[in-house]
Amino acid sequence: MQGVSADWIDAVLKVEGKMQMPLFIWILHLMNLTKGQDNTRRSSSLSRLCPTGCATCSAPNGCLSCKPRLFFHLELDGMRQRGTCVSSCPRGHYGMRSPHISTCKRCKEDCSSCFSESFCTHCHPGHFLLRGKCENSCPNGLTENTVLRECTECSIGCEMCVRRTVCVRCRAALYFLHGQCHLTCPGGFEPDLQLMQCVPQVHCEVGGWTSWGPCVHRRSMQVHRRGQETRNRQVLRSPSVHGDPCPQVSENRRCVIKKRPEQVVIS
């Protein structure tokens with residue numbers, strides 16, 4: 001590399017080890033700083049044609065250095081890498097600031113996004129976030145939330161939840177209702193022992209009475225002209241196991257049988 005001395009390279013290697021910064025970025029930056037006066041003029045002229053945020057750039061490599069407060073990021077351009085300058089690092093990277101050049105560094109392999117090298121904020125599928133780290137499984141007392149990809153602390157009695165206040169499966173002998181687990185079902189609900197859920201109680205509903213039927217003589221009645229008439233009402237809704245039972249749906253009362261008019265026989 002023309003214009004970069006061995007002493008510069010040694011200095012870069014030392015800084016690279018301390019700052020954990022890619023050597024490639026430093027060399028591009030130093031090459032830009034060590035150009036001659038003619039090259040400086042060309043670079044100054046070229047910087048006006050650079051992408052937004054770049055302090056200096058080149059056609060094959062993209063940005064070589066960034067304007068203040070921006071992060072230098074290498075992104076893939078086909079089979080090559082090009083430098084860009086961004087105000088915030090893309091997903092899967094975090095920003096590392098330095099007095100010389102701020103860069104975007106990649107998160108750990110199991111992190112899909114992170115705040116720093118040691119603190120993840122989201123995990124890749126198959127891992128669960130717990131206190132800033134991505135774990136393969138959650139410890140006892142926490143549930144593996146596959147939707148949020150994190151270890152979630154469930155409420156008491158809950159075996160699996162999507163949030164602490166929203167349960168999806170209760171522990172044995174508890175009844176599920178509206179995202180919560182109950183030892184006994186609250187008022188207005190009753191237990192379904194097969195599904196282990198609290199279901200709404202259903203009370204019996206009946207329709208109105210029909211008209212009284214005809215007066216019919218019964219053999220048990222001693223008085224010849226005494227009889228019995230009946231009326232009914234229909235069950236509109238049957239009760240659940242613990243719902244209010246149906247009232248009487250059939251009713252009888254005594255009646256007087258009307259005497260039939262005697263038929264006159266004409267001879």
Side-chain angles (χ1 to χ4, degrees), residues 1-135 145 147-150:
M1 291 177 294
Q2 188 176 3
V4 180
S5 66
D7 292 337
W8 275 106
I9 297 297
D10 291 339
V12 168
L13 291 174
K14 291 179 181 179
V15 174
E16 194 271 338
K18 292 179 181 179
M19 302 301 297
Q20 297 181 347
M21 190 172 296
L23 180 60
F24 173 72
I25 298 174
W26 277 102
I27 292 177
L28 285 178
H29 186 59
L30 292 174
M31 286 178 65
N32 180 66
L33 293 177
T34 55
K35 288 182 182 294
Q37 187 174 2
D38 292 339
N39 287 341
T40 301
R41 293 195 191 98
R42 285 196 296 269
S43 177
S44 176
S45 176
L46 182 60
S47 66
R48 290 193 291 269
L49 303 177
C50 289
T52 304
C54 293
T56 57
C57 63
S58 70
N61 297 316
C63 293
L64 301 177
S65 61
C66 298
K67 293 180 180 179
R69 308 300 298 171
L70 297 182
F71 294 96
F72 183 88
H73 174 59
L74 286 174
E75 63 180 20
L76 284 176
D77 182 12
M79 298 297 294
R80 302 183 58 183
Q81 287 186 319
R82 287 179 60 84
T84 59
C85 295
V86 293
S87 57
S88 60
C89 294
R91 188 177 179 88
H93 297 76
Y94 66 94
M96 174 175 282
R97 293 204 177 273
S98 153
H100 303 286
I101 181 169
S102 299
T103 59
C104 293
K105 290 183 67 73
R106 187 175 294 277
C107 300
K108 287 184 177 180
E109 187 175 348
D110 48 11
C111 288
S112 60
S113 64
C114 59
F115 179 75
S116 66
E117 182 182 15
S118 58
F119 197 93
C120 293
T121 54
H122 294 88
C123 299
H124 288 300
H127 295 82
F128 304 95
L129 185 67
L130 177 64
R131 302 183 186 94
K133 297 186 181 299
C134 293
E135 307 288 351
N145 189 324
V147 178
L148 299 178
R149 297 175 190 166
E150 64 182 31

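Heavy-atom basis, side chains included; hydrogens, waters and symmetry copies ignored.
Looking at Arg149, its side chain never comes within 3.5 Å of a backbone N or O of Cys134 through a donor-acceptor pair. With hydrogens and angles disregarded, no donor-acceptor distance shorter than 3.5 Å links the side chain of Arg97 to the backbone of Phe71. A donor-acceptor distance shorter than 3.5 angstrom exists from the side chain of Thr121 to the backbone of Ser113, with no hydrogens or angles considered.
In terms of the ring pair (Phe, Tyr, Trp, His ring centres under 6.0 Å) criterion, residue partners of His93 (sequence neighbours excluded) are, by chain and number, His73.
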Quick one: do Arg82 and Asn61 satisfy side-chain contact (heavy atoms from CB on, under 4.5 Å)? Show the steps, please.
CA-CA 5 Å; Arg82 287 179 60 84; Asn61 297 316; over 6 Å; no
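Nearest heavy atoms, Tyr94 versus Phe115: CB-O, 3.8 Å. Considering all non-hydrogen atoms of both residues, Cys120 and Leu129 come closest at O-CD1, 3.5 Å.
Distance check, rounded to the nearest 0.5 Å: NZ of Lys133 to SG of Cys123 gives 11.0 Å. Separating the SG atom in Cys63 from the CG atom in Leu74 is a distance of 10.0 Å, to the nearest 0.5 Å. To the nearest 0.5 angstrom, Ile101 atom CD1 is 10.5 Å from Leu70 atom CG. Annotation: the span from Ser87 atom OG to Arg69 atom CZ amounts to 11.5 Å, rounded to 0.5 Å. Remark: Phe72 CZ to Ser102 OG distance equals 12.0 Å, nearest 0.5 Å. Here the CZ-CD distance, from Phe128 to Glu135, works out to 11.0 Å after rounding to the nearest 0.5 Å.
Cysteines Cys57 and Cys50 have SG atoms closer than 2.5 angstrom. Between Cys114 and Cys107 the SG-SG gap is short of 2.5 angstrom. Disulfide criterion (SG-SG under 2.5 Å) for Cys89 and Cys104: met.
Contact of the Ser58 side chain with the Leu64 side chain is registered, since non-hydrogen atoms from C-beta on lie closer than 4.5 Å. At a threshold of 4.5 Å between non-hydrogen side-chain atoms, the residues Arg80 and Pro60 count as touching. Side chains of His122 and Leu148 form no contact here, defined as non-hydrogen atoms less than 4.5 Å apart.
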